[in-house]
Amino acid sequence: MKSAGKERMVESECAPASGRKQMFTGSARKLRDTAADWHNLMLKWERLGDEGSAAATRIVNLSVSKRAEKDVDITAEDDTSFVNERSGSHAELDKDLQDGCNELMNILEKMAHIVFKMEKISSSVKGVCALEKFQQEQGRSSVSPLFQTWPVTRFDEVSSKLYESYKQELALKQTIVKEIAHTSDPDLLLVYLSSWLHQPYIEDNTKLLLESLLLETMHRTL
Amino acid sequence: MSTCALSSLHHALKRSFEVLEQTQERWNGALSACSPLLVSLGNLGEQMRALQRAPLERTPMRAFPDLRPRLRFKLLQAADALVGKLLEQTSVLQSLRDMMSNQAAAVFQLYAQHADALELSSCLRRSATCPSVADMMGWLQDAERYYHNEFLKRKVLLETLRPNDVSDLQTSPKRWESLTNQRGDDCITGEARRASRPASCQPMLRCGTLSPSRVSHPFRDIVQGGVLQRVLVSIV
């Protein structure tokens, strides 16, 4: 029921394959729903990535401002009234920084949840593949492709590849979140922001894999 | 015969300056669209520089040994995409340059067709509200040259830009900015407005000539020097 809902979500974005909707059952239905899940999870990931990028940039900007204010205080530490006046501004900056970090942590948590779901669907595809293979060996299922051209093992390969990319990217983002508010090196800060934004472990072929998966499962048409 | 030829030349010139005015607006629009792309390109240069210098091995990022080449690849890819978008914008500039070039060519062709029928004095006559045919043809040629040069400068900058050269990327916004010929831009805007809107251009043509000092246009030096001479030579 849940997957069917998601399928509707992906189909509202993709053009229907033809005027009439084909009905799928069994493993084909399961794999088709999985393809829709991949599409929707990757979309959610992108959205969270953008939100996280904005939060991370804010954190970096606040850290830089905080350090700049500290430097001003060091040079003016003899002037007590000036330092008192600045302490209020420090507290405000600290609060903003804490808020920014909390926001980024929340986003990361949601991203981790997405990767958890990806792991689940990847293992479920593995299960479907094992079942199909077993049924083919028993002669209860035909060797012909479930949809158009892909053998059933291809779905497992694609799911595993997608999951590995996102798992690695999540690990990188977790490290960035741990470090970003405690780093003073401007080059490192820029590399953290850049890494968050450009997602080096999500290669371009992940999009290609997803599109081919959607095409194979007839969510998309040529 | 001479009046008829002069009238058709005036009509063609007026139309050309109207086109020039529209071209200038579209030209500025295309340049404005390039500015944020150039800023992004400069930012990518900064990111690449930071990636080169960041001591990743001394941080928890060492758990990702292939991060540097992977991120570098992503940054290069982003830079390539931006350069592609900028080249798309320069193709808009190219089409505008070609349009102005065709306009100028058409006017000069018309002049060449009627050259025998046109009197030199009528081509050089200015009035309080309307510049002479020679002036306007000179301005049109200046405008054509301006777009040609501006387009080429930008095209060369983008063609020679190496996305894998960090300093090249970092300095690209400033170099692009330095190409802006503000004086030329003001001249084009001023001239297009002046020449395309002489409301009573035709009747006023015969109201006598104006002293050169009153005809204040930014290309005055050029018009009085090279371009006007060239027009005169072609008349002779």
Side-chain angles (χ1 to χ4, degrees), chain A residues 45-46 49-50 52-54 56-61 63-64 67 101 104-105 108 111-112 115 161-162 164-208, chain B residues 34-88 161-175:
Chain A
W45 175 277
E46 287 303 316
D50 290 344
S53 183
T57 308
R58 208 161 46 248
I59 290 170
V60 168
N61 287 338
S63 315
V64 170
R67 255 190 308 282
C101 290
L104 194 58
M105 293 282 277
L108 188 69
M111 291 179 120
V115 174
K161 176 87 181 72
L162 290 175
E164 282 305 318
S165 298
Y166 280 89
K167 191 174 93 173
Q168 191 76 340
E169 188 58 39
L170 178 71
L172 176 68
K173 282 183 162 44
Q174 281 167 335
T175 313
I176 292 171
V177 171
K178 275 183 202 160
E179 294 297 309
I180 199 161
H182 307 287
T183 307
S184 56
D185 187 326
D187 288 332
L188 268 177
L189 283 172
L190 196 50
V191 169
Y192 291 155
L193 287 182
S194 184
S195 300
W196 185 288
L197 184 69
H198 294 287
Q199 313 202 98
Y201 286 98
I202 300 180
E203 293 166 10
D204 278 358
N205 74 342
T206 53
K207 274 186 193 143
L208 193 68
Chain B
C34 289
S35 299
L37 298 175
L38 261 301
V39 172
S40 300
L41 209 55
N43 284 343
L44 283 176
E46 296 284 343
Q47 290 174 47
M48 273 199 211
R49 169 82 70 206
L51 183 63
Q52 278 178 356
R53 294 193 301 211
L56 293 178
E57 293 73 21
R58 296 206 299 270
T59 70
M61 299 295 258
R62 63 180 166 272
F64 305 92
D66 53 349
L67 175 65
R68 215 186 282 269
R70 275 176 178 272
L71 187 55
R72 188 179 146 72
F73 176 74
K74 285 269 182 172
L75 292 173
L76 281 174
Q77 215 175 21
D80 275 341
L82 280 174
V83 172
K85 281 184 188 168
L86 281 164
L87 285 171
E88 273 172 32
L161 195 72
R162 288 159 299 168
N164 56 353
D165 186 329
V166 174
S167 60
D168 226 24
L169 282 187
Q170 275 182 309
T171 56
S172 57
K174 277 189 180 170
R175 283 188 291 147

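Just so we're on the same page: letters track the sequence lines, and every chain starts at 1.
- Checking side-chain atoms of Lys161(A) against main-chain N and O of Thr206(A) turns up no donor-acceptor pair under 3.5 Å.
- Of the possible donor and acceptor atoms, one in the side chain of Ser172(B) sits under 3.5 Å from a partner among the backbone N and O of Leu169(B).
- Contacts of Gln77(B) with chain A are made by side-chain atoms alone, with heavy-atom separations under 4.5 Å and no backbone atom involved.
- Salt bridge annotation for Arg175(B)-Asp168(B): present, with a cationic side-chain nitrogen under 4.0 angstrom from a carboxylate oxygen.
- With a threshold of 4.5 angstrom between heavy atoms, Tyr192(A) approaches chain B through side-chain atoms but not through N, CA, C or O.
- When atom types are taken as modelled, the side chain of Thr183(A) and the backbone of Asp185(A) share no donor-acceptor pair closer than 3.5 angstrom.
- For a residue to count as touching a neighbouring chain, one of its non-hydrogen atoms must lie under 4.5 Å from one of that chain's; by this rule Asp66(B) touches chain A with backbone and side chain alike.
- By number of non-hydrogen pairs under 4.5 angstrom with chain A, the leading residue of Arg68(B), Arg70(B), Arg72(B) is Arg70(B).
- Using a distance-only test at 3.5 Å, with no hydrogens or angles considered, no donor-acceptor pair links the side chain of Trp45(A) to the main chain of Met111(A).
- Per-residue heavy-atom pair counts under 4.5 Å with chain B were compared for Leu197(A), Thr175(A), Leu172(A), and the maximum is reached by Leu172(A).
- Ala78(B) touches chain A through its side chain: at least one heavy atom from C-beta onward sits under 4.5 Å away, while N, CA, C and O do not.
- Atom CZ of Phe73(B) is surrounded by 12 or fewer heavy atoms from other residues, nucleotides or ligands within 6.0 Å.
- Counting heavy-atom pairs closer than 4.5 Å to chain B, the top-ranked of the candidates Gln199(A), Gln168(A), Glu179(A), Lys178(A) is Glu179(A).
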